[in-house]
There are 2 protein chains.
Amino acid sequence: MATGRGSGDENADAKRRRRRTGTEIKESLRELSVQLSLLNHRISAHFELRDIDFDCLEIIRRHEPISPGALARRVGLHAATMTGVLDRLERGGWIDRERDPVDRRAVVLRARRERNPEVFRLYAGMNTSMDELMADYTVDQLEAIADFLHRTTAAGRDATDNLSAP
Amino acid sequence: MATGRGSGDENADAKRRRRRTGTEIKESLRELSVQLSLLNHRISAHFELRDIDFDCLEIIRRHEPISPGALARRVGLHAATMTGVLDRLERGGWIDRERDPVDRRAVVLRARRERNPEVFRLYAGMNTSMDELMADYTVDQLEAIADFLHRTTAAGRDATDNLSAP
DNA sequence: AACATCTGCTACGGTTTCCGTAGTATCTGA
DNA sequence: TCAGATACTACGGAAACCGTAGCAGATGTT
């Protein structure tokens with residue numbers, strides 16, 4: 001829920017400001033996306049993983065237990081490619097592969113947490129910077145930002161899914 | 001410049017709200033990062049490029065003219081890998097490689113714009129969603145968000161650079 | 001129940017990518 | 001002038017990607 005009153009009643013000047021800021025946000029979002037990908041790349045490389053591996057791990061964390069097939073579909077990877085991703089994650093001790101007791105063809109993936117401190121250490125710099133910069137906003141502003149991030153993520157998910165069909 | 005008054009004088013309740021929201025923002029940021037990577041993956045695949053290729057193209061766009069070496073350093077790729085990336089981008093008509101007239105060993109990269117409409121079309125869904133969702137915030141909130149995104153990008157860049165040394 | 005069909009995952013192998021090394025061209029400094 | 005540094009690319013072995021096929025097990029039909 002956005003708490004603002006939106007763009008209902010604004011004068012021409014505010015409307016211009018709104019449009020300019022909107023464009024700026026979309027631009028920044030692309031730049032941020034690239035930058036966070038590069039950070040992810042550095043961290044993945046440190047653990048001898050591919051970029052996509054860490055993304056998959058993140059999704060497993062949030063949706064466990066999940067099957068390799070469901071994960072592959074969500075990520076947009078070929079099932080055979082997913083096998084390789086999971087091999088690396090399993091070899092590194094990031095996940096467990098268990099047989100599904102109900103459907104015995106299937107496998108369920110679970111994230112292991114032992115190595116979280118190693119990851120946390122690499123993210124420590126970013127974490128501190130975020131804490132520092134967030135101190136410059138009011139709580140109301142922070143809540144608007146959190147709301148914005150949630151909704152943008154949902155928009156990204158929809159856009160990604162809609163790109164599968166054509 | 002953040003316009004909020006920051007966390008100077010807040011009661012215990014507001015402090016708790018602030019901490020909770022801060023954690024939520026950092027969580028959302030990771031989730032957003034993953035989601036935008038997946039979107040990027042789909043779009044890259046559509047053009048028969050690797051994920052990293054589009055990231056490089058974005059950086060070339062923003063920093064042209066730039067040399068392959070400088071780009072490789074910024075992205076954290078091996079120079080030889082960058083040659084492969086640039087081969088794909090050049091073959092697809094995304095960039096031009098020109099000899100640097102000053103330093104004739106060197107090469108300068110420039111982004112071509114002819115294919116922008118194709119990319120724009122794939123981003124259209126995301127673009128529309130963003131416009132819709134941004135309409136729910138006040139201009140002040142949007143400016144705080146834009147500011148936040150800029151500073152978060154800068155934080156990401158610093159964190160990435162600091163991870164190179166060790 | 002028996003059978004065909006479908007589904008979930010992984011092995012296999014050809015193609016592509018990755019990246020360490022080396023090579024060429026050019027610049028820089030002594 | 002020339003030794004060394006620098007910018008990029010070619011080459012080749014190792015790894016990843018992904019289409020196909022294979023196996024195990026679930027599901028549906030008669």
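Lettering follows sequence order; numbering is per chain, from 1.
Read 5' to 3', the first and last nucleotides of DNA chain D with an atom closer than 4.0 Å to a heavy atom of chain A are D:dA16 to D:dA26. From the 5' end on, the contacts that DNA chain C makes with chain B at under 4.0 Å to a non-hydrogen atom open and close at C:dT17 to C:dC27.
In terms of the side chain to side chain donor-acceptor pair (under 3.5 Å) criterion, A:Glu48 has no residue partners (sequence neighbours excluded). Remark: A:Asp100 pairs with no residue by the side chain to side chain donor-acceptor pair (under 3.5 Å) rule, at least two apart or across chains. Under the side chain to side chain donor-acceptor pair (under 3.5 Å) criterion, A:Glu64 pairs with A:Arg113, not counting sequence neighbours. Every residue two or more places apart in sequence or in another chain that forms a side chain to side chain contact (heavy atoms under 4.5 Å, CB included) with B:Arg99 is listed here: B:Val107. Taking B:Arg157 as the reference, A:Glu31, A:Gln35, B:Arg74, B:Thr153, B:Asp161 meet the side chain to side chain contact (heavy atoms under 4.5 Å, CB included) condition, with sequence neighbours excluded. Here B:Glu132 pairs with B:Thr128 under the side chain to side chain contact (heavy atoms under 4.5 Å, CB included) rule; sequence neighbours left out.
Between A:Arg88 and A:Asp53, at least one side-chain nitrogen of the basic residue sits less than 4.0 Å from a carboxylate oxygen of the acidic one, meeting the salt-bridge criterion. Residues A:Arg97 and A:Asp87 are paired through a salt bridge, judged by an N-O separation under 4.0 Å between the basic side chain and the carboxylate. Of the charged side-chain nitrogens involved, none lies within less than 4.0 Å of a carboxylate oxygen, so that A:Glu118 and A:Arg121 do not count as a salt-bridged pair.
Under the 6.0 Å distance and 45° angle rule, A:Arg112 does not count as a cation-pi partner of A:Trp94.
Judged by distance alone, the side chains of B:Asn11 and B:Arg17 never bring a donor and an acceptor atom under 3.5 Å apart.
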Which atom pairs, donor and acceptor, lie under 3.5 Å between side-chain atoms of residues 77-85 of chain B and protein residues at least two apart or in another chain?
| unit_1 | atom_1 | unit_2 | atom_2 | d |
| --- | --- | --- | --- | --- |
| B:His78 | ND1 | B:Ala80 | N | 3.0 |
| B:Thr83 | OG1 | B:Ala79 | O | 3.4 |

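With hydrophobic clusters built from ILVMFWY side chains whose heavy atoms lie under 4.5 angstrom apart, B:Ile59 does not share a cluster with B:Val108.
Residues from residues 71-109 of chain A with heavy atoms under 4.0 angstrom of DNA chain C, sorted by number: A:Ala79, A:Ala80, A:Thr83, A:Arg97, A:Arg105, A:Ala106, A:Val107. Taken residue by residue, residues 48-67 of chain B places heavy atoms nearer than 4.0 Å to DNA chain C at B:Arg50.
Distance CD1/B:Ile60 to CG/B:Leu89: 6.0 Å, rounded to 0.5 Å.
Aromatic ring pairs are classed by plane angle as parallel below 30°, tilted from 30° to 60° and perpendicular above 60°; the pair B:Phe54 and B:Phe47 is parallel.
Consecutive Watson-Crick or G-U pairing (both distances under 3.5 Å) extending over three or more pairs maps onto DNA chain D as C:1-30 with D:1-30.
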